[in-house]
Amino acid sequence: MATSTVMQTVLATPVPSGLVKNRSRVSNLFSATYVPRLRGTASKRVQCSKLDDQIKKLAEPSSTPKPKGSTKFLDLFAFSGPAPERINGRLAMIGFVAAMAVELSKGQDLSYQISNGGVSWFLGTSILLSVASLIPLFKGVSAESKSDGVMTSDAEMWNGRFAMLGLVALACTEYVSGGTLL
(Lines give C-alpha, C1' and ligand atoms only; values in the text may rest on other atoms or scores of the structure.)
Protein backbone atom coordinates (compact mmCIF):
# COMPACT_ATOMS: atom_id res chain seq x y z
CA MET A 1 0.00 0.00 0.00
CA ALA A 2 2.89 2.34 0.76
CA THR A 3 4.41 1.60 -2.64
CA SER A 4 1.14 2.43 -4.35
CA THR A 5 0.91 5.74 -2.51
CA VAL A 6 4.51 6.69 -3.40
CA MET A 7 3.94 5.81 -7.07
CA GLN A 8 0.77 7.87 -7.24
CA THR A 9 2.56 10.81 -5.66
CA VAL A 10 5.49 10.58 -8.09
CA LEU A 11 3.25 10.26 -11.13
CA ALA A 12 0.91 13.03 -10.04
CA THR A 13 3.74 15.56 -9.45
CA PRO A 14 4.04 17.95 -12.41
CA VAL A 15 7.35 18.07 -14.23
CA PRO A 16 8.56 21.41 -15.65
CA SER A 17 8.33 21.43 -19.44
CA GLY A 18 11.98 22.47 -19.79
CA LEU A 19 13.16 19.14 -18.35
CA VAL A 20 11.27 17.04 -20.86
CA LYS A 21 13.34 16.94 -24.07
CA ASN A 22 11.36 14.66 -26.34
CA ARG A 23 7.71 15.61 -25.99
CA SER A 24 5.14 13.27 -27.45
CA ARG A 25 1.59 14.08 -28.52
CA VAL A 26 0.30 12.93 -25.17
CA SER A 27 2.67 15.19 -23.26
CA ASN A 28 1.55 18.11 -25.45
CA LEU A 29 -2.00 17.51 -24.33
CA PHE A 30 -1.09 17.05 -20.68
CA SER A 31 1.91 19.22 -20.03
CA ALA A 32 1.53 19.11 -16.26
CA THR A 33 2.05 15.34 -16.08
CA TYR A 34 4.96 13.17 -16.91
CA VAL A 35 4.35 10.63 -19.68
CA PRO A 36 7.31 8.26 -20.08
CA ARG A 37 8.25 6.98 -23.53
CA LEU A 38 9.59 3.53 -24.16
CA ARG A 39 12.55 2.93 -26.41
CA GLY A 40 11.78 1.56 -29.85
CA THR A 41 13.02 -1.95 -29.02
CA ALA A 42 11.39 -2.20 -25.63
CA SER A 43 7.81 -3.32 -25.36
CA LYS A 44 5.66 -4.28 -22.45
CA ARG A 45 2.37 -6.06 -22.51
CA VAL A 46 0.03 -6.53 -19.61
CA GLN A 47 -2.52 -9.27 -20.05
CA CYS A 48 -5.41 -10.33 -17.86
CA SER A 49 -6.73 -13.75 -18.84
CA LYS A 50 -10.03 -13.39 -16.96
CA LEU A 51 -10.80 -10.15 -18.77
CA ASP A 52 -9.74 -11.63 -22.12
CA ASP A 53 -12.11 -14.58 -21.62
CA GLN A 54 -14.98 -12.22 -20.86
CA ILE A 55 -14.21 -10.11 -23.92
CA LYS A 56 -14.08 -13.21 -26.13
CA LYS A 57 -17.46 -14.35 -24.80
CA LEU A 58 -18.98 -10.96 -25.51
CA ALA A 59 -17.43 -10.81 -28.97
CA GLU A 60 -18.74 -14.22 -30.03
CA PRO A 61 -22.16 -14.12 -31.62
CA SER A 62 -24.76 -15.78 -29.49
CA SER A 63 -26.09 -18.92 -31.09
CA THR A 64 -28.71 -21.41 -30.11
CA PRO A 65 -27.66 -23.64 -27.24
CA LYS A 66 -26.25 -26.95 -28.33
CA PRO A 67 -28.05 -30.07 -27.14
CA LYS A 68 -26.39 -31.66 -24.15
CA GLY A 69 -27.25 -35.20 -25.16
CA SER A 70 -27.43 -37.03 -28.42
CA THR A 71 -30.58 -36.63 -30.51
CA LYS A 72 -30.13 -39.87 -32.46
CA PHE A 73 -32.96 -42.41 -32.28
CA LEU A 74 -30.76 -45.31 -31.14
CA ASP A 75 -29.10 -43.18 -28.45
CA LEU A 76 -32.46 -42.04 -27.08
CA PHE A 77 -33.81 -45.60 -26.91
CA ALA A 78 -30.60 -47.21 -25.64
CA PHE A 79 -30.82 -49.29 -22.47
CA SER A 80 -29.61 -46.36 -20.35
CA GLY A 81 -31.07 -43.69 -22.65
CA PRO A 82 -33.49 -41.01 -21.51
CA ALA A 83 -36.59 -42.26 -23.34
CA PRO A 84 -37.50 -45.80 -22.18
CA GLU A 85 -37.93 -45.37 -18.44
CA ARG A 86 -39.40 -41.87 -18.72
CA ILE A 87 -42.04 -42.93 -21.28
CA ASN A 88 -42.87 -46.15 -19.42
CA GLY A 89 -43.17 -44.20 -16.18
CA ARG A 90 -45.52 -41.64 -17.72
CA LEU A 91 -47.68 -44.40 -19.20
CA ALA A 92 -47.74 -46.23 -15.86
CA MET A 93 -48.79 -43.06 -14.01
CA ILE A 94 -51.71 -42.49 -16.38
CA GLY A 95 -52.59 -46.21 -16.42
CA PHE A 96 -52.61 -46.50 -12.63
CA VAL A 97 -54.73 -43.39 -12.12
CA ALA A 98 -57.16 -44.43 -14.90
CA ALA A 99 -57.46 -48.00 -13.57
CA MET A 100 -58.14 -46.79 -10.03
CA ALA A 101 -60.65 -44.16 -11.25
CA VAL A 102 -62.65 -46.70 -13.28
CA GLU A 103 -62.50 -49.20 -10.44
CA LEU A 104 -63.83 -46.62 -7.96
CA SER A 105 -66.52 -45.24 -10.27
CA LYS A 106 -67.80 -48.41 -11.99
CA GLY A 107 -66.50 -51.20 -9.78
CA GLN A 108 -64.70 -52.98 -12.65
CA ASP A 109 -61.44 -54.81 -12.02
CA LEU A 110 -58.34 -54.35 -14.19
CA SER A 111 -58.84 -57.48 -16.33
CA TYR A 112 -62.44 -56.44 -17.11
CA GLN A 113 -61.27 -52.93 -18.06
CA ILE A 114 -58.65 -54.32 -20.44
CA SER A 115 -61.00 -56.83 -22.09
CA ASN A 116 -63.80 -54.27 -22.65
CA GLY A 117 -62.10 -51.63 -24.78
CA GLY A 118 -59.06 -50.96 -22.63
CA VAL A 119 -56.57 -52.16 -25.24
CA SER A 120 -57.55 -49.50 -27.80
CA TRP A 121 -57.40 -46.77 -25.14
CA PHE A 122 -54.01 -48.09 -24.01
CA LEU A 123 -52.60 -48.10 -27.56
CA GLY A 124 -53.91 -44.61 -28.34
CA THR A 125 -52.57 -43.18 -25.10
CA SER A 126 -49.24 -44.96 -25.55
CA ILE A 127 -48.72 -43.55 -29.04
CA LEU A 128 -49.76 -40.03 -28.05
CA LEU A 129 -47.59 -39.91 -24.93
CA SER A 130 -44.60 -41.51 -26.64
CA VAL A 131 -44.62 -38.96 -29.46
CA ALA A 132 -45.17 -36.09 -27.02
CA SER A 133 -42.25 -37.30 -24.89
CA LEU A 134 -39.93 -37.81 -27.85
CA ILE A 135 -40.37 -34.42 -29.54
CA PRO A 136 -38.37 -32.47 -26.91
CA LEU A 137 -35.71 -35.21 -26.79
CA PHE A 138 -35.20 -35.03 -30.56
CA LYS A 139 -34.82 -31.24 -30.23
CA GLY A 140 -32.12 -31.73 -27.59
CA VAL A 141 -34.15 -30.50 -24.61
CA SER A 142 -33.70 -32.70 -21.57
CA ALA A 143 -36.10 -33.07 -18.68
CA GLU A 144 -33.33 -32.08 -16.30
CA SER A 145 -33.00 -28.66 -17.92
CA LYS A 146 -36.70 -27.90 -17.40
CA SER A 147 -37.01 -29.14 -13.82
CA ASP A 148 -37.06 -26.77 -10.87
CA GLY A 149 -38.64 -26.55 -7.45
CA VAL A 150 -40.83 -29.47 -6.46
CA MET A 151 -41.42 -30.71 -10.01
CA THR A 152 -37.99 -32.15 -10.75
CA SER A 153 -36.99 -34.82 -13.23
CA ASP A 154 -35.95 -37.09 -10.35
CA ALA A 155 -39.41 -36.76 -8.78
CA GLU A 156 -40.99 -37.70 -12.11
CA MET A 157 -38.76 -40.76 -12.39
CA TRP A 158 -39.62 -41.93 -8.86
CA ASN A 159 -43.34 -41.31 -9.38
CA GLY A 160 -43.15 -43.34 -12.60
CA ARG A 161 -41.37 -46.19 -10.83
CA PHE A 162 -43.94 -46.24 -8.03
CA ALA A 163 -46.76 -46.16 -10.60
CA MET A 164 -45.24 -49.15 -12.40
CA LEU A 165 -45.03 -51.04 -9.11
CA GLY A 166 -48.56 -49.94 -8.21
CA LEU A 167 -49.99 -51.14 -11.50
CA VAL A 168 -48.31 -54.54 -11.15
CA ALA A 169 -49.41 -54.76 -7.49
CA LEU A 170 -52.99 -53.86 -8.48
CA ALA A 171 -53.07 -56.57 -11.16
CA CYS A 172 -51.56 -59.21 -8.82
CA THR A 173 -53.88 -58.31 -5.93
CA GLU A 174 -56.98 -58.48 -8.14
CA TYR A 175 -55.82 -61.79 -9.62
CA VAL A 176 -55.17 -63.37 -6.23
CA SER A 177 -58.37 -62.01 -4.61
CA GLY A 178 -60.52 -62.73 -7.67
CA GLY A 179 -62.25 -59.32 -7.59
CA THR A 180 -61.70 -55.60 -7.36
CA LEU A 181 -59.26 -54.08 -4.92
CA LEU A 182 -61.86 -51.85 -3.25
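Values below: all heavy atoms of this structure, side chains included; hydrogens, waters and symmetry mates excluded.
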Kindly give the heavy-atom pair with the smallest separation between Ala92 and Gly160, and that separation in Å.
CB-O, 4.2 Å
Return the CG to CZ distance between Leu165 and Phe96, rounded to the nearest 0.5 Å.
10.5 Å
Closest non-hydrogen contact found for Ser111 with Glu174 is N-OE1, 4.4 Å
When you look at OH of Tyr175, are more than 12 heavy atoms from neighbouring residues, nucleotides or ligands closer to it than 6.0 Å?
no
Pairs touching residues 103-131 that satisfy salt bridge (charged side-chain N to carboxylate O under 4.0 Å, His left out), sequence neighbours left out:
none
Would you say Gln113's side chain and Ala99's backbone share a donor-acceptor pair under 3.5 angstrom?
yes
Can Thr180 and Gln108 be said to form a side chain to side chain contact (heavy atoms under 4.5 Å, CB included), step by step?
CA-CA 7 Å; Thr180 62; Gln108 300 171 347; 5.9 Å; no
Using every non-hydrogen atom in the two residues, find where Leu91 and Leu129 come nearest and quote the distance to one decimal.
CD2-CD1, 3.6 Å
Applying side chain to side chain donor-acceptor pair (under 3.5 Å), name anything that partners Glu156, two or more places apart in sequence or on another chain.
Arg86, Arg90
Rounded to the nearest 0.5 Å, the CE atom of Met164 sits from the CG atom of Asn159 at a distance of 10.5 Å
Minimum heavy-atom separation for Ala78 and Pro84, please, with both atom names.
O-CG, 3.6 Å
Report yes or no: do Ile114 and Val102 belong to one cluster of Ile/Leu/Val/Met/Phe/Trp/Tyr joined by side chain heavy-atom distances under 4.5 Å?
no
Donor-acceptor contact below 3.5 Å, side chain Ser130 vs main chain Ile127
no
Kindly give the heavy-atom pair with the smallest separation between Ser133 and Ile87, and that separation in Å.
CB-CG1, 3.7 Å
Give, for atom CD1 of Ile94 and atom CG of Leu167, the distance between the pair rounded to the nearest 0.5 Å.
12.0 Å
Ignoring hydrogens and angles, tell me if any N or O in the side chain of Ser115 forms a donor-acceptor pair with the backbone of Tyr112 under 3.5 Å.
yes
Check whether any side-chain heavy atom of Leu137 lies under 4.5 Å from a side-chain heavy atom of Leu134, and answer yes or no.
yes
